[in-house]
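Each chain gets a letter, A, B and so on, in the order the sequences are listed, and its residues count up from 1.
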Amino acid sequence: MAQKKLLLIDGNSVAFRAFYALYRQLDRFTSPDGLHTNAIFTFKNMLDAIMKQTKPTNVLVAFDAGKVTFRTKMYQDYKGGRQKTPSELSEQLPVIRELLKDLGIKSYELKNYEADDIIGTLSKMGEDAGYTVDVVTGDRDLTQLASDKTTVLITKNGVGDTEAYTPEHMKEVNGVTPTEFIDMKALMGDNSDNYPGVTKVGPKTASRLIQKYGSVEKLYEHVDEMKKSKLKENLINDKDKAFLAKKLATIDRDSPVEVTLADTKLQDPNIEDLRNLYERLGFKKFLAELGASATNSNKQEIEKYEYLELTKENIVELDNINEKEVTFYLAMLGDNYHLAPLEGFSLKVGNKIYVSKDVVLLQENPLRQMLENKNIKKNVFDIKRTYVGLNRLDIKAEGLDYDMLLASYLVNNENNSNDLGEVAHLYDDYSVKTDLEVYGKGKKQAVPEDGEFFEHLSAKVAVIEKLKEPLLAKLKDHEQDDLYETIEIPVAFVLAKMEITGIKVEASVLNQLGNDFAVKLQELEHKIYQQAGEEFNLNSPKQLGHILFEKLGLPPIKKTKTGYSTSVEVLEQLKMKSPIVSEILDYRQIAKIQNTYVKGLLECIQPDGRIHTRYLQTLTATGRLSSVDPNLQNIPTRTDEGKQIRKAFVPSTKDGYIFSCDYSQVELRVLAHVSGDEHMQEAFKSGYDIHAHTAMKIFHLDSPDEVTPLMRRHAKAVNFGIVYGISDYGLSKNLGISRKQAKTFIENYFEQYPQIKNYMDEAIKKARENGYAETIMHRRRYLPDIHSKNFNVRSFAERTAINSPIQGSAADIIKIAMINMQKKLDELHLKTKMVLQVHDELIFDVPKDELDTIKKIVPEVMQSAVKLDVPLIADSNWGHNWYDAK
DNA sequence: AAACTCACG
DNA sequence: ACGTACGTGAGTTTA
C-alpha cells in the first residue's frame with residue numbers, strides 16, 4: 001500500500017514569509033495590470049520546494065478567517081497592536097488561493113478559528129487515520145504539534161529551506177516535549193501575539209520550570225514549597241495570566257472543520273487555468289515550466305535546442321562554414337578557470353549547435369583556425385574566462401567580440417551574477433538552467449550525464465546569441481556603448497594577460513617569515529595564557545571575551561549581536577588597563593599575517609613559481625575590480641611585520657625590478673572635477689598639499705606654515721569623509737573627537753567649498769530622479785533604496801549616491817590607463833609585464849634594461865588616461881621586490 | 001552558513 | 001530622532 005502523507009501548510013504565515021523574502025523587489029514584481037506579485041511568485045517557489053521535499057499524497061493550505069476568533073473573545077488584546085497586513089500583501093492572498101485551486105490543492109478557512117487550529121485538527125485526523133503528517137509554517141507556535149507521526153517544518157531564510165521539528169529536535173532546542181511547550185509558552189507569554197505570561201520569565205526560566213514540574217498546573221500545586229524569591233512572587237502574582245496564556249497558546253485540535261481527509265487529496269492541476277493565471281500575472285518562469293502542451297497560443301514554452309555531438313570524425317562538417325559570426329561556450333567545472341577541469345564546449349554556427357566533451361578537438365582544425373581567426377567574431381559569456389581557458393589549450397583566441405556577462409553587468413549590476421543561467425533569467429529567458437542546478441555545489445558538484453550536459457551547453461550558446469541584440473540595445477539606450485566597447489571589453493583582455501602572466505613569489509622568503517612569526521606567536525601565546533591564568537582558544541572572540549570582561553573584569557566597551565566585541569577598536573581603548581591587551585593585539589596582528597598571508601599565499605604558488613589571481617570584472621557595485629584566489633589587492637602595507645610579506649613578491653628576471661606607480665589622490669581629484677569646485681581645483685592646479693590646504697581652509701589660517709600636523713590629520717579625515725558621504729558621527733568616531741567638533745569641521749568645510757556641498761546635494765537629487773548614480777563614463781549604479789521610508793536605508797543610499805560616482809570614475813580612469821599601458825608595452829615590444837592592479841596603483845615586472853623606459857612611460861600613460869579639469873598625478877617607485885618598490 | 005575580525009584602496 | 005562612514009576578500013570559530 002502506498003504511504004499516505006498529509007501536508008498541511010499555514011497559508012498566511014508562508015505568504016507572509018514569501019512577501020518579505022522579496023520585499024526589496026516589491027516594485028519589480030508587478031503583473032501587467034498593476035498587481036504586486038512578489039508573494040505569489042515566492043509562494044509558488046516555496047510550495048514547489050516543499051512538495052519536492054515531502055512528496056505528499058494529500059495537501060491542505062489553511063488560512064486565517066479574519067480578526068475575530070475564539071481567542072479574541074477570551075482575551076481582547078490577542079494579537080492586538082500588531083501591524084496590519086500591508087495592502088501590497090493582502091491583495092495577493094486571494095490570488096494565492098486561486099493559484100492553489102488551479103494546482104489542485106485544497107485551501108480552507110474557518111470562521112472564528114485561526115489557521116493553526118485547522119492544522120491542529122487535521123493533523124490529529126491524519127494521525128488517527130494512519131497518515132504521516134508534515135506541517136509547514138513560519139510560526140513556532142505550531143511546533144507543539146510535533147509527534148512521532150507529525151513533523152513541523154519551520155521556514156527559514158531562503159526559498160524552501162526549513163528546520164524540521166521532531167519531538168527530539170524540540171527537546172534539543174527548548175528542552176521540553178511538544179506538549180510541554182504549551183506550558184512553557186504559558187509562563188513566557190507571547191510578544192508577537194501580544195499576551196503576557198509571568199513577569200520576568202523568558203525561555204530559559206520557563207524551560208527550566210517546566211522541565212522540573214512538567215506543567216503549569218503541577219507547578220502551581222507546588223509553588224508554595226519554592227524558596228522565597230522574586231521569581232516565586234512573580235509566579236504567584238501572575239497566576240491568572242499564566243493560565244490565560246496557556247489557553248491562548250493551546251491549539252484547538254478538535255475545531256469544527258468541515259473538510260474530510262478525502263477532500264485534501266491532491267488533484268491534477270488545471271493546466272489551462274494555470275496558463276491563464278500565469279499569463280495574467282506575467283510569470284514567464286512558470287509559463288515556461290508548463291511547457292507546450294494544451295494550446296499553441298503560448299509563446300513562452302521552454303525551448304529545446306537541437307544539437308549535434310562533434311567527434312574527430314564529423315569535425316570536417318565545419319570545414320565549409322564561412323560565417324562571420326559564431327557563438328562559443330567553454331565549459332569548466334568550478335570557478336577558478338586557471339585550474340578548473342575543462343569539461344566541454346558548445347558552438348553555434350548559423351542555426352546549428354555543436355557540442356562536445358572532448359576539448360582537445362578545439363586544437364584541431366578547423367576549430368582552432370576558427371578560434372584564432374580575428375575575422376570570425378565570437379559571442380561569448382565572459383571573455384576573460386574564455387580567453388584564459390583557451391590559452392590553457394594553447395589556443396590564442398582572437399575575435400572574441402561580444403561578452404554577455406560584461407554587457408549585463410553594465411546594464412544593471414544590482415543583481416550581479418557570474419552565472420549565465422541566472423543572467424538569462426533576469427531577462428525572462430528560462431530556457432537555460434543555472435550551473436548550480438545542473439552541476440550542484442560543494443562536494444556533490446559534478447558534470448551530469450551526457451544528455452543533460454549537452455542540453456545545458458546548447459542552451460547556453462543559444463541564449464548568448466538570443467539576448468545579444470536586446471542587451472546591446474540597452475547599452476545604447478543607457479549611453480554605455482562606449483564604456484562597453486572602449487573600456488570593459490579591452491580591459492578584459494588586459495586582465496586576462498595579467499592573470500596568465502601572474503607574479504613571481506619566493507616561497508623561501510615566506511617560509512623564513514613564517515618561522516619567525518611562529519616563534520613570536522608561541523611567545524605571545526605563552527605570556528597571554530600566563531596572565532589569563534588559563535589556556536584558552538585565543539582565536540575565539542567568545543573565549544577571549546570571557547577572559548577579558550568576566551575573568552579579568554575589564555570594562556566591556558562595545559557589544560556585538562552575540563556577546564562582547566573584542567575588535568582592535570575596543571582593545572586599543574583597554575591597552576592602558578592591562579598589559580595583556582597589548583599582547584593580544586600583537587598576537588592578533590601576527591596571527592593574521594601568518595594565516596592569511598604566509599600560509600595562504602604559499603598554498604597559491606603554482607608550479608611555475610607564480611601566483612595567478614583572478615580579477616573579478618563584474619562584481620563590484622562601483623566598477624572597481626576585485627581580486628580572488630588569492631586576493632592580491634590587500635597585501636599588508638600598514639605595519640612593519642605585514643609589509644615584510646611584500647619582500648616575497650619579486651621580478652621574474654634576474655636583477656629585474658618591481659615597479660609600482662600610483663595615482664595621487666585620484667578620488668579627490670575626481671571630486672574636484674565633477675563638483676567644479678574652484679577652490680579645490682585651484683589647490684590641485686597649484687600642486688598644493690591638498691590636506692594642508694583643506695586644513696588652512698577649515699581652520700581659517702592664512703599660511704601653510706600655520707598648519708600643525710594635527711590639523712592636517714584632521715583635515716585629511718574630513719577629505720576622506722567627504723568622499724564617503726560624510727556624517728558628523730562617522731568623522732567624530734574616526735578622529736576620536738566630539739560629535740560637536742566634527743560637526744563644526746564639516747560646516748566649515750562646506751562654507752569654504754560651497755560647490756562640493758552643491759555636488760553632494762545634486763548627486764542625491766539626481767539619484768532620486770533617475771533611480772541611479774552615474775560615473776564620468778556612464779557606468780551606472782541603481783539605488784532603489786533612495787526612496788525608502790526607512791531613514792537608515794535611505795541615508796545609506798544617499799551616501800552611496802555621493803560616493804559611487806567618485807569611486808566609480810576613479811575605477812574608469814585606471815581601466816583606461818591599463819588599456820593604454822598594455823597597448824604601449826606591445827607597441828614598444830617591451831618585455832615588461834603589467835602584473836597587478838590595486839585600485840589606484842599599477843605594478844609591473846620589469847627587466848633590468850627596461851627600467852628607464854618604464855620610469856618614463858608609465859606615469860605618462862597614467863596621467864594622460866583622461867583629461868580632467870585638474871591634473872592627474874602618478875608617483876613611481878621601484879626596487880628588487882615589492883617591499884623595496886616604495 | 002553566519003558572525004567576527006582584519007587585511008587593502 | 002533616527003545610527004553611520006565608501007568599496008572589497010579571507011581565515012577562524014561557532015552554530
Side-chain angles (χ1 to χ4, degrees), chain A residues 156-158 161 163 172-173 441-442 536-545 558-571 584-585 588-601 603-604 613-616 619-639 641-643 645-646 662-663 665-667 671 717-735 739 742 746 773 781 789-808 810-811 814 836-841:
Chain A
K156 308 253 286 184
N157 299 338
D161 211 6
E163 181 179 4
E172 281 165 27
V173 176
K441 67 169 168 180
F536 63 100
N537 188 343
L538 253 169
N539 296 318
S540 160
K542 195 178 165 193
Q543 293 181 36
L544 180 61
K558 217 175 95 185
K559 276 204 193 157
T560 66
K561 271 187 208 169
T562 51
Y564 308 111
S565 170
T566 65
S567 65
V568 210
E569 211 195 335
V570 172
L571 297 188
I584 291 167
L585 280 167
R588 278 258 180 92
Q589 202 223 323
I590 296 174
K592 169 83 178 180
I593 298 166
Q594 181 78 314
N595 289 325
T596 307
Y597 299 103
V598 177
K599 271 170 59 187
L601 291 178
E603 283 170 23
C604 294
T613 185
R614 277 153 55 225
Y615 289 101
L616 304 187
L619 179 131
T620 69
T622 54
R624 274 190 177 183
L625 301 174
S626 85
S627 156
V628 292
D629 292 339
N631 182 355
L632 293 184
Q633 290 182 319
N634 69 348
I635 302 302
T637 179
R638 291 172 193 172
T639 67
E641 282 96 342
K643 258 192 220 169
I645 296 292
R646 296 185 172 226
D662 66 299
Y663 281 117
Q665 312 293 350
V666 242
E667 294 194 345
L671 176 61
V718 174
N719 278 331
F720 269 100
I722 293 293
V723 170
Y724 296 152
I726 201 157
S727 74
D728 51 6
Y729 183 88
L731 184 64
S732 74
K733 210 173 73 174
N734 187 293
L735 282 176
R739 202 165 159 167
I746 295 167
R781 176 170 186 179
K789 278 177 250 168
N790 180 314
F791 175 87
N792 289 327
V793 174
R794 187 178 64 249
S795 300
F796 184 47
E798 289 174 356
R799 292 196 294 274
T800 314
I802 294 166
N803 175 266
S804 289
I806 302 173
Q807 195 183 113
I814 197 162
L836 297 175
Q837 188 253 43
V838 192
H839 309 306
D840 64 356
E841 177 185 13

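In this structure, the CD atom of A:Gln589 is 14 Å from the C1' atom of B:dC8, given to the nearest Å.
Partners of A:Phe796 according to the ring pair (Phe, Tyr, Trp, His ring centres under 6.0 Å) rule, which considers only residues two or more places apart in sequence or in another chain, do not exist here. Here A:Tyr729 pairs with nothing under the ring pair (Phe, Tyr, Trp, His ring centres under 6.0 Å) rule; sequence neighbours left out. Listed by chain and residue number, A:Glu569 satisfy the salt bridge (charged side-chain N to carboxylate O under 4.0 Å, His left out) test with A:Lys558 (two or more places apart in sequence, or in another chain). Applying the salt bridge (charged side-chain N to carboxylate O under 4.0 Å, His left out) rule to A:Asp728 yields the partners A:Arg739; only residues at least two apart in sequence or on another chain are considered. Remark: A:Arg624 pairs with A:Glu667 by the salt bridge (charged side-chain N to carboxylate O under 4.0 Å, His left out) rule, at least two apart or across chains. A:Thr800 pairs by the side chain to side chain donor-acceptor pair (under 3.5 Å) definition with nothing, not counting sequence neighbours.
Listed by first and then second residue, the salt bridge (Lys or Arg N to Asp or Glu O under 4.0 Å) pairs that reach into residues 588-597 of chain A come to none, sequence neighbours excluded.
Judged by distance alone with a 3.5 Å cut-off, no donor-acceptor contact links the side chain of A:Gln633 to the base of B:dC8. A donor-acceptor contact under 3.5 Å is not formed by the side chain of A:Ser626 with the base of C:dT8.
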Q: Quick one, give me the B/S/- string for nucleotides 10-15 of chain C, reading 5' to 3', where B means a protein heavy atom under 4.0 Å from the base and S means that only happens at the primed atoms, P, OP1 or OP2.
A: SSSSSS

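When the C1' atom is compared between B:dA7 and C:dC2, the two are found 32 Å apart, to the nearest whole Å. Straight-line distance between the C1' atoms of B:dC6 and C:dA1: roughly 33 Å, to the nearest whole Å.
Looking at A:His839 and A:Gln807, their side chains never come closer than 4.5 Å, going by heavy atoms from C-beta outward.
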Q) Given Watson-Crick or G-U pairs with both distances under 3.5 Å, what dot-bracket string fits DNA chain C, with | for other-strand pairs and [ ] for crossing? A) .....|||||||||.

